[in-house]
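In the text below, chain A, chain B and the rest are named by the order of the sequence lines, each starting its count at 1. As a basis for the values below, the full set of heavy atoms in this structure was taken, side chains included, without hydrogen atoms, waters or symmetry mates.
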2 protein chains.
Amino acid sequence: MANQLHLSIDRSSPVPLYHQVVQGIEAAIHTGLLEPGSRLENEIDLAAQLNLSRPTMRKAMDELVRSGLLVRKRGVGTQVVSSQVRRPLELSSLYDDLTNNGSKPTTEVLTFAHIEADPATREALHIAAGAKVYHFTRLRKVGGKPLALMENWVRDDITHIDEDLLKAQGLYGILRSGGVNFRLATQRIGAMVANDYQAPLLETEPGSALVTMERTAVDDTGRNVETGHHVYRGDSYSFEMTLVQR
Amino acid sequence: MANQLHLSIDRSSPVPLYHQVVQGIEAAIHTGLLEPGSRLENEIDLAAQLNLSRPTMRKAMDELVRSGLLVRKRGVGTQVVSSQVRRPLELSSLYDDLTNNGSKPTTEVLTFAHIEADPATREALHIAAGAKVYHFTRLRKVGGKPLALMENWVRDDITHIDEDLLKAQGLYGILRSGGVNFRLATQRIGAMVANDYQAPLLETEPGSALVTMERTAVDDTGRNVETGHHVYRGDSYSFEMTLVQR
DNA sequence: CATGTCCGATTGTTAGGACATACTCTGATT
DNA sequence: AATCAGAGTATGTCCTAACAATCGGACATG
């Protein structure tokens, strides 16, 4: 039980202490040093061992509980959750879900335009009549196999976008380089069957299943930066996420 | 700017103070008292007005930031996010997503059995060979229209389940009554086309689009309580969620 | 006029202490 | 022997108190 997790805390680092603890415990869990189901020492002792205050220790554990790695129970203690659950850990995030998947995706830009926003886009991005947006469609392939057909609308008052940029890196990478700090996004996931336009591009048959995703992303200043409508091949893509009960 | 949000804090209530603040601000936002985009007063003044300490106030605002209602910026202040984003607020939770939708859903139990778990179920629920589970399929209708076809496997060492119970209330209601405190769930959302078994039950055509969802739920003791495989009519159901950047 | 610098405002981080509440186990009582 | 009460332990909530980091605008300087 008394797992001596010898974390090293660097007080001169710019990384907050509680976050160093989070990283340390995460690492200990992933390397197997902390076994699934094992109990951690109590907050106070742990804090004392690392020369931290209890609030700092608690804040670190709070984050780990929230992300689903730990489970706390009053009067009992804190446990590492069973490994069976932990595999699909990260919830589908604001980042393109593909870039961290080993095989590098390639992107083909099918259409690109800088146009006046239509009413639906104006509402989604919350911009005034007459404002212009970038509108483009892309085809994303992984390992030569088409995976997703993506249509996006982006405000043009944030950063310059062109075809070459889109070919070189993901949309979110471009926007972040342009100084955008994403805060939240709403998305809706559903299903449809491939039509005659989508099927040949995705190299599948009309009538096959597609996963659809609509998303609008907002930055830290409250601007609706981007909205998009994506479809994925149903036989090779699904959204995986971990829900944490609050 | 100086929004006088006259929240009432009841110190004798068993509800934690920070949670009372969360509820109060949520209510103020939903009733329009706090307008989208408006700035809140700073943490210290707000805390002083309510006779709370700053950490308590901060904890409340932390939750609201995490749920996507507020946005904070160091050196600047705290804002209510734009209303455009807030509509599809709650992320699809552990609860049945339908019960809070106005029209009451009805549930038909198609099959019900108490059987020995097959290998796939044993792995999903992390139970030993020879253990038994409840296995059942249900058809859920809203307003007389079939919406979802659900197949579930549930551990039998938690609470008794039978057909009548399932007809009367949702699975999660039954399990919570049985003393289960859900902590987290992993789910995977995808797409498929309706086959000859599913189509007539869902009153749609074979070949139409279906949203698929696989989920495994875990309680606060780390047990994998339940796993399920659901399909929804693609033309009338989609998963809506808000992602918050951490 | 353009640019760099300082300063106030506001959130971010950390500390240390106190008491409340829930769970578990043990010992006492019936 | 079974049941109940209480002690011990661990997390949950709340407080006071600092100092750090960052942002934005005001101000000074070239």
Tell me whether the OP1 or OP2 atom of [N] has a side-chain N or O from [X] closer than 4.0 Å.
X     : N      : result
B:T56 : D:dC15 : yes
A:R58 : D:dG12 : yes
B:R54 : D:dT16 : no
B:R11 : D:dC15 : yes
B:Y18 : D:dT13 : yes

For this session: Report the residue (A:P55 or A:G75) whose heavy-atom-nearest nucleotide on DNA chain C is the more 5′ of the two.
Result: A:P55
Seminar exercise, completed: Between B:D45 and A:S53, whichever has its closest DNA chain C nucleotide further toward 5' is B:D45
Exercise. Nearest-Å distance, CD1 (A:I44) to P (C:dC19)?
Worked result: 14 Å
Problem set entry | Atom-to-atom span, CG of A:L70 to P of D:dA10 - whole angstrom | 16 Å
For this session: Check every strand shown and say whether A:D62 touches a base, only sugar-phosphate, or nothing at a heavy-atom separation below 4.0 Å.
Result: nothing
Under 3.5 Å, which donor-acceptor pairs do the side chains of residues 17-24 of chain B form with other protein atoms, sequence neighbours left out?
from	atom 1	to	atom 2	distance (Å)
B:Q20	OE1	B:D10	N	2.8
B:Q20	NE2	B:D10	O	2.9
B:Q20	NE2	B:V15	O	2.9

For this session: Please report the closest heavy-atom contact between B:E226 and B:Y172, naming both atoms and the distance.
Result: OE1-OH, 2.9 Å
Exercise. How about A:T107 and A:R140: does a side-chain donor come under 3.5 Å of a side-chain acceptor?
Worked result: yes
